[in-house]
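Comments concern the structure below.
Just so you know, ligand 1 is whichever comes first in the structure, and atom 1 is the first atom listed for that ligand. If you're wondering where the values come from, they're calculated on a predicted model, not measured in any experiment.
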Amino acid sequence: MSRSPPVLPLAPGSTIGILGGGQLGRMLAQAAARLGFDVAILDPEPDGPAARVSAHAITAAYDDPKGLQALADLADVVTYEFENVPAAAVAQLAALGVPVAPGPAALEAAQDRFVEKSFLNAHGASTVAFAPAASPQEAVGAMEQVGAPALMKTRREGYDGKGQRWVEHAPDAARAFAELGGAPVILEAAAGFRRELSIIAARGRDGSTAVYPLAENHHEGGILRRSIAPARVVAAVAEQAERIAARVLAGLDYVGVIGIELFEMEGGRLLVNEIAPRVHNTGHWTLDGCEVDQFEQHIRAVAGWPLGPTHPTARVEMLNLLGDEAQGWLKFAQEPESRLHLYGKREAKPGRKMGHVNRVKPL
Ligand code: AMP
């Protein structure tokens with residue numbers, strides 16, 4: 001049964017639902033608690049990082065109607081910590097009268113790399129050349145369009161560099177297509193970028209926007225290792241990034257925080273690599289380097305509160321602690337410039353994000 005929509009801005013004491021219970025959900029829950037909200041987590045796994053710091057935890061598949069009903073019974077508004085939440089789950093929550101932010105347009109764009117890049121280009125945000133393929137023959141044909149070498153990516157469900165293959169010569173595209181499992185892909189021209197940057201931006205329910213200073217990001221094996229922020233960029237690059245963010249936020253009628261990954265090309269032109277309709281790993285530096293961090297900003301936006309200031313208060317080097325690296329917690333705790341954030345994951349697997357350290361320096 002549907003119910004009347006919540007009164008916004010949401011008053012402290014209300015409950016915010018979060019689909020997904022990993023580290024992003026945990027840091028969102030901590031920010032929500034600081035503002036006086038209770039949090040209800042829905043995640044298929046019990047006892048996750050977010051559930052352990054939240055008032056309510058529902059263990060259910062994202063598309064389980066009973067689990068979603070239980071979340072709707074608890075939560076006044078719902079958000080999510082990752083973009084592969086099934087569209088049907090968001091639709092069910094909306095039908096039950098619980099607003100979900102960011103909305104379905106953002107999910108649709110972020111779940112499919114072809115839809116995403118088409119959306120970006122249609123809204124004046126440039127990307128590398130790309131072409132879709134749904135068969136080995138089409139993959140070879142797509143190489144003709146984008147040129148070699150090209151990066152083949154599955155259209156859906158890739159993250160941290162998974163579901164990707166470089167293709168050096170057009171005929172090799174057929175084999176790469178099979179290796180990626182025969183699912184629909186896109187082929188992307190090689191970006192040849194100078195640096196990887198990102199911009200974290202936010203849009204409130206009233207359409208107001210805020211952007212954070214850019215971060216410079218370093219990946220290894222497709223996984224983010226390190227961000228430095230505010231990145232040293234010329235004004236023209238910062239302005240371009242802000243223009244891109246404004247177009248994306250307006251184009252998606254967005255509510256919440258978004259992460260936009262950028263390639264800085266020689267000459268300073270920016271291409272968008274991808275958008276993440278959620279708080280973003282390259283925004284973790286804001287926890288210790290900005291007046292209002294990305295997690296609080298997201299909670300403010302979805303709760304219909306005014307957005308907070310995004311000015312930097314420090315220069316931060318953010319290091320992801322992967323796998324066993326988190327065992328160095330005592331060393332980091334002894335460094336006066338380091339702020340340690342651990343996610344409380346029970347098991348360290350190679351490459352698994354266990355925490356991060358923000359090394360804080362004066363601006
Ligand atoms: P993605 O999963 O799309 O975020 O890609 C992961 C990483 O692969 C990026 O952060 C880049 O380092 C690299 N990458 C992705 N797309 C391209 C491209 N078209 N050309 C060159 N490198 C890329």
Side-chain angles (χ1 to χ4, degrees), residues 24 81-84 106-107 109-121 125-133 139 142-170 172-173 176-177 179-181 183-200 214-229 231 241 244-245 248 258-267 269-285 318-320 322 351-353 356:
L24 301 179
E81 63 143 26
F82 81 130
E83 55 273 37
N84 288 323
L107 269 186
Q111 287 182 349
D112 182 318
R113 292 183 189 276
F114 180 67
V115 176
E116 180 180 37
K117 288 199 159 57
S118 305
F119 161 82
L120 288 164
N121 288 179
S126 302
T127 63
V128 292
F130 62 99
M143 289 289 292
E144 310 293 326
Q145 286 182 52
V146 304
L151 188 52
M152 184 183 287
K153 301 180 179 176
T154 53
R155 281 177 61 162
R156 303 181 78 91
E157 301 204 337
Y159 68 97
D160 282 351
K162 293 189 177 70
Q164 304 189 3
R165 285 275 186 294
W166 279 103
V167 185
E168 297 298 329
H169 307 286
D172 301 342
F177 183 84
E179 283 170 3
L180 287 177
V185 296
I186 60 168
L187 279 126
E188 293 186 11
F193 50 81
R194 180 160 73 184
R195 279 197 297 181
E196 291 194 73
L197 302 170
S198 59
I199 186 163
I200 308 294
L214 274 73
E216 174 182 329
N217 307 311
H218 299 266
H219 295 82
E220 276 169 30
I223 303 179
L224 181 71
R225 284 272 27 170
R226 192 164 149 259
S227 293
I228 299 160
I244 289 169
V248 170
I258 194 167
I260 304 177
E261 296 179 17
L262 303 163
F263 295 138
E264 184 189 29
M265 309 302 285
E266 291 305 331
R269 183 157 175 258
L270 294 180
L271 304 181
V272 179
N273 175 32
E274 63 179 2
I275 55 177
R278 53 172 167 78
V279 288
H280 197 248
N281 197 168
T282 67
H284 289 3
W285 72 276
M318 191 281 315
L319 297 172
N320 269 340
L322 305 177
R352 191 173 195 205
K353 292 174 181 171
H356 69 271

_Could you measure the distance from the CD1 atom of Ile186 to the CZ atom of Arg155? Nearest 0.5 Å is fine._
8.0 Å
*CG on Leu224 to NE2 on His280, rounded to 0.5 Å*: 8.0 Å
*asked:* Below 4.0 Å, non-hydrogen atoms only: which portion of Ala190 touches ligand 1? Side chain, backbone, both or neither.
replied: backbone
*Out of Glu261, His219, Glu196, indicate the one that has the non-hydrogen atom closest to atom 11 (C) of ligand 1.*
Glu196
*Determine, considering heavy atoms only, which of His218, Gln164, Glu188 sits nearest to atom 1 (P) of ligand 1.*
Gln164
*Report the part of Asn217 (side chain from C-beta onward, or backbone N, CA, C, O) that has a heavy atom under 4.0 Å from ligand 1; answer both or neither where that applies.*
neither
*Are any non-hydrogen side-chain atoms of Ile244 and Ile199 less than 4.5 angstrom apart?*
no
*If we only count heavy atoms from C-beta on, is the Leu187 to Leu151 side-chain gap below 4.5 Å?*
no
*Do Leu322 and Arg225 have side chains that get closer than 4.5 Å, going by heavy atoms?*
yes
*Check ligand 1 against Lys153 and write out every atom of the ligand that is under 4.0 Å from a heavy-atom position of the residue.*
1 (P), 3 (O), 15 (C), 16 (N)
*Kindly indicate whether the side chain of Glu264, heavy atoms from C-beta on, has any atom under 4.5 Å from the side chain of Glu216.*
no
*asked:* Could you check whether any heavy atom of Ala189 sits closer than 4.0 Å to an atom of ligand 1, since that is the contact criterion I want to use?
replied: yes
_Using a 4.0 Å heavy-atom cut-off, which part of Trp166 comes near ligand 1: side chain, backbone, both, or neither?_
side chain
